[in-house]
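The first residue of the sequence shown is numbered 1, and numbering continues consecutively from there.
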Amino acid sequence: MKTVGVLALQGDVAEHLAQLRQRNVQGVAVRKPADLAPLAALIIPGGESTAISNLMQTSGLYDPIREFARHHPVLGTCAGLIMCGRRIEGGRQPVVPLELIDIHVTRNGFGRQVDSFETTLFIDALNKSVPAVFIRAPFIESVGDNVTVLARYEDRIVMAEQGNILVCSFHPELTEDTSVLAYFLSKI
Ligand code: GLN
């Protein structure tokens, strides 16, 4: 059975692990570089990207995750999307992104906590609509030539992929629908 890691430095780790269980995939929490060794793929959860970024540095996971992502799929949701991006704007405290996908990101692009909302997005690649929860969500300002845009909300890009790397502004892990996860798992 394939094992999928969830970066467990900060954020909604338990929700991603629960969705993996729902799809009969073994999920494990990743806290240190050695935890990456048995993994087929890695999920970087939503949470607070400044905290995740700082802990990624102190735990020594920054370079190992970059290396891991060269040969394995990585999913980033919300703060995880920010961590996967190449250039990050907004937010009071800086993050050091992993630069896994060629996107420019605006943090808190949809406004503050009070501007959190839930909607439904039709995603062509999944050929269906999925519930999408946005919480102080970033959006993707622009993408490089090798990036495929998978979803927009109004005119803002909220889901994209480049090779092994899949990112979304919203939190599929906070809903009952596991189809975004299934799409990610198909990359393994
Ligand atoms: N606004 C957060 C950040 O900049 C992300 C919010 C989230 O993951 N729900 O990290």
Side-chain angles (χ1 to χ4, degrees), residues 1-7 11-28 39-47 49 65 68-86 98 100-107 109-110 115-188:
M1 200 215 257
K2 303 271 186 211
T3 302
V4 173
V6 180
L7 185 68
D12 52 0
V13 178
E15 290 83 351
H16 277 292
L17 289 171
Q19 279 210 338
L20 286 166
R21 261 196 308 279
Q22 256 176 280
R23 297 220 69 106
N24 293 316
V25 173
Q26 184 177 331
V28 296
L39 304 183
L42 177 69
I43 297 172
I44 305 180
S49 54
I65 290 175
F68 180 87
R70 292 176 53 191
H71 307 289
H72 300 89
V74 175
L75 166 65
T77 65
C78 201
L81 170 148
I82 296 169
M83 289 309 304
C84 290
R86 192 164 71 76
L98 292 156
L100 305 183
I101 178 168
D102 189 9
I103 57 173
H104 288 190
V105 179
T106 300
R107 283 174 80 184
F110 290 103
D115 301 312
S116 298
F117 58 96
E118 186 165 351
T119 185
T120 301
L121 293 175
F122 187 83
I123 300 173
D124 284 331
L126 308 183
N127 198 26
K128 67 179 288 237
S129 295
V130 297
V133 179
F134 290 81
I135 303 171
R136 290 180 300 121
F139 64 77
I140 300 172
E141 186 82 52
S142 63
V143 302
D145 290 344
N146 298 321
V147 176
T148 304
V149 172
L150 296 178
R152 284 188 167 82
Y153 175 69
E154 295 177 340
D155 55 357
R156 287 159 169 181
I157 302 168
V158 294
M159 185 174 179
E161 71 183 343
Q162 181 176 8
N164 273 344
I165 314 300
L166 176 67
V167 292
C168 54
S169 296
F170 50 94
H171 291 271
E173 72 277 14
L174 299 184
T175 71
E176 297 293 302
D177 189 302
T178 58
S179 49
V180 170
L181 176 61
Y183 180 72
F184 174 63
L185 294 173
S186 74
K187 291 178 178 292
I188 293 177

Exercise for the section: Using the six-membered ring wherever Trp is involved, compare the ring planes of F110 and F139 and label them parallel, tilted or perpendicular (cut-offs 30° and 60°). Expected result: perpendicular

Exercise for the section: Starting from the C-alpha separation in whole Å, work towards a yes-or-no answer on side-chain contact (heavy atoms from CB on, under 4.5 Å) for F122 and N127. Expected result: CA-CA 7 Å; F122 187 83; N127 198 26; 3.9 Å; yes

Fill in the blank from the handout: d(I123 CD1, C168 SG) to nearest 0.5 Å is 7.5 Å

Fill in the blank from the handout: Closest non-hydrogen atoms of H171 and E173, given as atom of the first, atom of the second and distance, are ND1-OE2, 2.8 Å

Exercise for the section: Tell me, with the steps shown, if H72 and L39 meet side-chain contact (heavy atoms from CB on, under 4.5 Å). Expected result: CA-CA 9 Å; H72 300 89; L39 304 183; over 6 Å; no

Exercise for the section: Test F170 against M159 for side-chain contact (heavy atoms from CB on, under 4.5 Å), laying out the working first. Expected result: CA-CA 8 Å; F170 50 94; M159 185 174 179; 3.9 Å; yes

Handout entry: Rounded distance (nearest 0.5 Å) linking atom CD of Q26 with atom CZ of R21
Key = 11.0 Å

Completion exercise
Distance col, row R107:CZ vs I82:CD1, nearest 0.5 angstrom, shows 5.0 Å

Exercise for the section: Check whether any side-chain heavy atom of V147 lies under 4.5 Å from a side-chain heavy atom of I101, and answer yes or no. Expected result: yes

Practice task
Return the minimal non-hydrogen interatomic distance between G163 and K187, and the atom names on each side.
Solution key: O-NZ, 2.9 Å

Handout entry: V4 side chain reached by I188 side chain, heavy atoms, under 4.5 Å
Key = yes

Problem - Which residues share a side chain to side chain contact (heavy atoms under 4.5 Å, CB included) with A69, sequence neighbours left out - result: V74, L100, I165

Practice task
Report yes if the side chains of L7 and P45 come closer than 4.5 Å at any heavy-atom pair, otherwise no.
Solution key: yes

Practice task
Look up atom CZ in R152 and atom CG in L150, then write down how far apart they are to the nearest 0.5 Å.
Solution key: 10.5 Å

Problem - Pairs involving residues 174-183, ordered by first then second residue, that meet side-chain hydrogen bond (donor to acceptor under 3.5 Å, both in side chains) (sequence neighbours left out) - result: R23-T178, K128-D177, K128-S179, E161-Y183, D177-S179

Exercise for the section: Would you mind reporting whether L185 and L20 have side-chain heavy atoms less than 4.5 Å apart? Expected result: yes

Exercise for the section: State, yes or no, whether a side-chain contact exists between P172 and L181 at a heavy-atom distance under 4.5 Å. Expected result: no

Exercise for the section: Would you check if the side chain of S169 reaches a backbone N or O of P138 as a donor-acceptor pair within less than 3.5 Å? Expected result: yes

Handout entry: For the student: nearest non-hydrogen atoms of A137 and C78, plus distance
Key = CA-SG, 4.1 Å

Handout entry: Nearest-0.5 Å distance, NE2 of residue H16 to CD1 of residue I44
Key = 10.0 Å

Exercise for the section: Can you sort out the partners of D12 under salt bridge (Lys or Arg N to Asp or Glu O under 4.0 Å), two or more places apart, ordered by chain and number? Expected result: none

Problem - Min side-chain heavy-atom separation L81-I140 under 4.5 Å - result: yes

Completion exercise
CZ of R136 to OG of S49, rounded to nearest 0.5 Å, is 8.5 Å

Problem - Close side-chain approach of V180 and T77, heavy atoms under 4.5 Å - result: no

Practice task
Considering non-hydrogen atoms only, spot the tightest contact between F134 and V158 and give its length.
Solution key: CE2-CG1, 3.7 Å

Fill in the blank from the handout: Correct closest heavy-atom pair for P73 and A40 would be CD-O, 3.3 Å

